[in-house]
Amino acid sequence: MHNSLFIALEGGDAAGTTTHSHLLKGFLESKGFKVFLTHEPSNSKIGVLIRDFLKNKEIPPTTDALLFAADRDLHYRNEIKKKLDEGYVVISDRYIESSIVYQSAQSDDITVDWIKKINKFVGLPDLTIVLDIDPEIALARKETEELEKFEVSSFLDKVRNLYLLRAKEENYHIVNSDDIIEIVQENIQKIVLDKFKNLSKL
Ligand code: TMP
């Protein structure tokens, strides 16, 4: 049976995408699926450069957008597509919606259309789930004092509103992330299982 499915977990900083990606991987593996867990920025040299730039407020938003698009192009072609072709469920902790939301929140010159254009050649997820949480609660959860340039509550308010708007436009699933981890994860699992059921893969 070919069980490939491409899932992206999205949300503002500290919304829990990393924790829930790992938990979802474990759950799907326990159901017998082969799972490839990945994240963006990716582990490529471009991804490593981006991680460095995330600490630097002098990098223009357009440069950020182009680098994230280049990283994604490489990531999709060299990793994600190959795994999907091999029948894996691919879970990406952040993907194109992060660029659409974060980079357009950074500058009025950056439109959703332009982000889509520079990301034109990558495959899109079959399922996008947005984890929603009040940024003040999310940032209070962070263990480190050293915050990246996007980890400012006023900016993350904008990010949150844009995610909610995009979810409405694109029919993405929204999961309230301000709940105990087990409940949030259960809600994510339900959405994924429903998707498999709709695809008659269970
Ligand atoms: P993370 O470790 O929380 O995933 O941090 C990655 C940061 O990069 C987060 O603040 C969101 C941001 N980001 C973008 O601005 N654009 C993108 O396309 C991606 C993938 C991430």
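We count ligands from 1, going down the list as the structure has it; atoms in each ligand are counted the same way. Given the structure is predicted, the values throughout are model-derived calculations rather than measurements. Counting begins at 1 with the first residue of the sequence.
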K.L.:
Among all protein non-hydrogen atoms, which one is nearest to atom 2 (O) of ligand 1, and what is the separation to 0.1 Å?
P.N.:
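For atom 2 (O) of ligand 1, the nearest protein heavy atom comes out as Arg51 NH1, 3.1 Å.
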K.L.:
What protein heavy atom lies closest to atom 13 (N) of ligand 1? Include the residue and the distance to one decimal.
P.N.:
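Sorting protein heavy atoms by distance from atom 13 (N) of ligand 1 puts Phe68 CZ, 3.3 Å first.
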K.L.:
Report the nearest protein non-hydrogen atom to atom 1 (P) of ligand 1: residue, atom name, distance rounded to 0.1 Å.
P.N.:
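Answer, as residue, atom name and distance: Arg94 NE, 3.8 Å.
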K.L.:
State the atoms of ligand 1, each with its element, that fall below the 4.0 Å cut-off from a heavy-atom position in Ser98.
P.N.:
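Reading through ligand 1 atom by atom, the close ones are 16 (N), 17 (C), 18 (O), 19 (C), 20 (C), 21 (C).
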K.L.:
Do the ring centers of Phe68 and Tyr102 come within less than 6.0 Å of each other?
P.N.:
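Ring centres of Tyr102 and Phe68 not closer than 6.0 Å.
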K.L.:
Can you tell whether the side chains of Asp194 and Lys190 come within less than 4.0 Å, N to carboxylate O?
P.N.:
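So Asp194 does not pair with Lys190 through a salt bridge.
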K.L.:
Could you tell me, atom by atom, which parts of ligand 1 come under 4.0 Å of a heavy atom of Phe150?
P.N.:
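Every atom of ligand 1 under 4.0 Å from some heavy atom of Phe150: 10 (O), 12 (C), 15 (O).
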K.L.:
Which residue owns the protein heavy atom closest to atom 18 (O) of ligand 1, what's the atom, and how far is it?
P.N.:
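The closest heavy atom on the protein side is Ser99 OG, 2.6 Å.
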K.L.:
Between Lys117 and Asp113, is there a side-chain N and carboxylate O pair less than 4.0 Å apart?
P.N.:
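Not counted as a salt bridge, because no side-chain N and carboxylate O are separated by less than 4.0 Å.
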K.L.:
Compare all side-chain heavy atoms of Trp114 with those of Gln103 and state whether any distance is below 4.5 angstrom.
P.N.:
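No. Closest side-chain heavy atoms not under 4.5 Å.
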K.L.:
Name the closest protein heavy atom to atom 7 (C) of ligand 1, giving the residue it belongs to and the distance to 0.1 Å.
P.N.:
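The protein heavy atom lying closest is Leu54 CD1, 3.8 Å.
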K.L.:
So does Lys82 pair up with Glu86, basic N to acidic O under 4.0 Å?
P.N.:
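Result for this pair is no, no salt bridge flagged.
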K.L.:
Do me a favour and list the nearest non-hydrogen protein atom to atom 15 (O) of ligand 1 with residue, atom name and distance?
P.N.:
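Closest protein heavy atom to atom 15 (O) of ligand 1: Gln103 NE2, 2.9 Å.
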K.L.:
Hey, which of Asp178, Asp132, Asp13 is the one that makes salt bridge (charged side-chain N to carboxylate O under 4.0 Å, His left out) with Arg160?
P.N.:
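One option only clears the test, and that one is Asp132.
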K.L.:
I need the Ile91 CD1 to Leu5 CG distance, nearest 0.5 Å.
P.N.:
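Spacing of CD1 (Ile91) from CG (Leu5) equals 9.5 Å.
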K.L.:
For His39, state whether at least one heavy atom is located under 4.0 Å from any atom of ligand 1.
P.N.:
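His39: no contact with ligand 1 (<4.0 Å).
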